[in-house]
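A short write-up of the structure that comes next.
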Amino acid sequence: QVELVESGGGTVQTGGSLRLSCAASGYTYSSYCRGWFRQAPGKEREGIAVIYTGVGNTYYADSVKGRFTISEDNANNMLYLQMSSLKPEDTAMYYCAAARSYTYCTNGYWSRPVQYTYWGQGTQVTVSS
């Protein structure tokens, strides 16, 4: 059974930084993609970053490009999101997710939640002004 567990959320002031972590277990696929999503109250879930596991290709939403960095530690089944220059509009619940193969993340589909099979429970990030 696949399990994803996020941690590292919290409250930070505008301009601050946070590092989110996602611990994965039970994953048996060899070539897949993992992403970070966020959802603010009253808004749709938004894909913000994806990484192709083992290959290292990354893609970002325009809203976070240049400020957020996705990375992974495959030896320890960890996924990270380094967030810097945080803004109040970054306030949301942040989720990590995993798809079953690269094909679910190609052709620009990586930011669509429906492409991902496995989800964590989320970690709250609040940026105060």
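Values below: every heavy atom of this structure, side chains too, minus hydrogens, waters and symmetry copies. Just so it is clear, the model here is predicted, and its values are computed rather than measured.
Leu20 and Trp119 fall into different hydrophobic clusters, where Ile, Leu, Val, Met, Phe, Trp and Tyr are joined by side-chain heavy atoms under 4.5 Å apart, directly or via other members. The cluster map of Ile, Leu, Val, Met, Phe, Trp and Tyr, joined by side-chain heavy atoms under 4.5 Å apart, puts Val50 and Val55 in the same cluster. In the hydrophobic clustering of ILVMFWY residues, with side-chain heavy atoms under 4.5 Å counting as a link, Trp36 and Val127 come out together.
Here the rule is side chain to side chain contact (heavy atoms under 4.5 Å, CB included) with Ile70, and of Tyr80, Tyr59, Tyr60 only Tyr60 fits it.
Rounded to the nearest 0.5 angstrom, Tyr94 OH and Leu18 CG are separated by 9.0 Å. The CZ atom of Arg38 lies 5.0 Å from the CD1 atom of Ile48; values are rounded to the nearest 0.5 Å. Between the CD atom of Glu46 and the OG atom of Ser63 there is a distance of 4.0 Å, given to the nearest 0.5 Å. Atoms OG and CE, from Ser7 and Met78 in turn, are 6.0 Å apart once rounded to the nearest 0.5 Å. With rounding to the nearest 0.5 Å, the separation of CZ in Arg19 from OG1 in Thr69 is 11.0 Å. Separation of atoms SG (Cys22) and CG (Asp73) is listed at 12.5 Å; rounding is to 0.5 Å.
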CA sep, side-chain torsions, deciding dist, call: Ser71, Gln82, side chain to side chain contact (heavy atoms under 4.5 Å, CB included): CA-CA 8 Å; Ser71 62; Gln82 179 67 47; over 6 Å; no
Derivation and outcome, side chain to side chain contact (heavy atoms under 4.5 Å, CB included), residues Asn57 and Ile51: CA-CA 6 Å; Asn57 290 10; Ile51 188 165; over 6 Å; no
Stepwise side chain to side chain contact (heavy atoms under 4.5 Å, CB included) check, Arg100 with Tyr118: CA-CA 8 Å; Arg100 289 179 289 178; Tyr118 307 104; 4.0 Å; yes
Steps toward side chain to side chain donor-acceptor pair (under 3.5 Å) verdict (Ser85, Arg67): CA-CA 6 Å; Ser85 302; Arg67 300 188 297 124; over 6 Å; no
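Minimum interatomic distance between Met83 and Leu86 (heavy atoms only, all atoms of both residues): CB-CD2, 3.9 Å. The two residues Met93 and Gly122 make their nearest non-hydrogen contact at SD-C, 3.7 Å. Between Leu4 and Ala98, the shortest heavy-atom distance links the atoms CD1-N, 3.9 Å. Here the closest non-hydrogen pair linking Cys33 and Ser101 is SG-O, 3.7 Å. Considering all non-hydrogen atoms of both residues, Val5 and Gln121 come closest at CA-OE1, 3.7 Å. Between Thr53 and Arg34, the shortest heavy-atom distance links the atoms OG1-NE, 3.4 Å.
Here the side chains of Pro88 and Thr14 are in contact, with some heavy-atom distance below 4.5 Å. Two residues are said to be in side-chain contact when any heavy atoms from C-beta on lie closer than 4.5 Å; Trp110 and Tyr116 meet this criterion.
A donor-acceptor pair is defined here as one N or O able to donate and one able to accept, closer than 3.5 Å; no such pair exists between the side chain of Thr126 and the backbone of Thr11. Side-chain atoms of Glu6 come within 3.5 Å of backbone atoms of Cys96 as a donor-acceptor pair (strictly under, hydrogens ignored).
Ring centroids of Tyr32 and Tyr104 are separated by 6.0 Å or more, keeping the two rings apart. The aromatic ring centroids of Tyr95 and Phe37 lie 6.0 Å or more from each other.
One finds a salt bridge joining Asp62 and Lys65 here, because a Lys/Arg side-chain nitrogen approaches an Asp/Glu carboxylate oxygen to under 4.0 Å.
Within a 6.0 Å sphere centred on OH of Tyr27, heavy atoms belonging to other residues, nucleotides or ligands number more than 12.
Judged purely by distance below 3.5 Å, without hydrogens or angles, the side chains of Thr91 and Gln124 never pair a donor atom with an acceptor atom.
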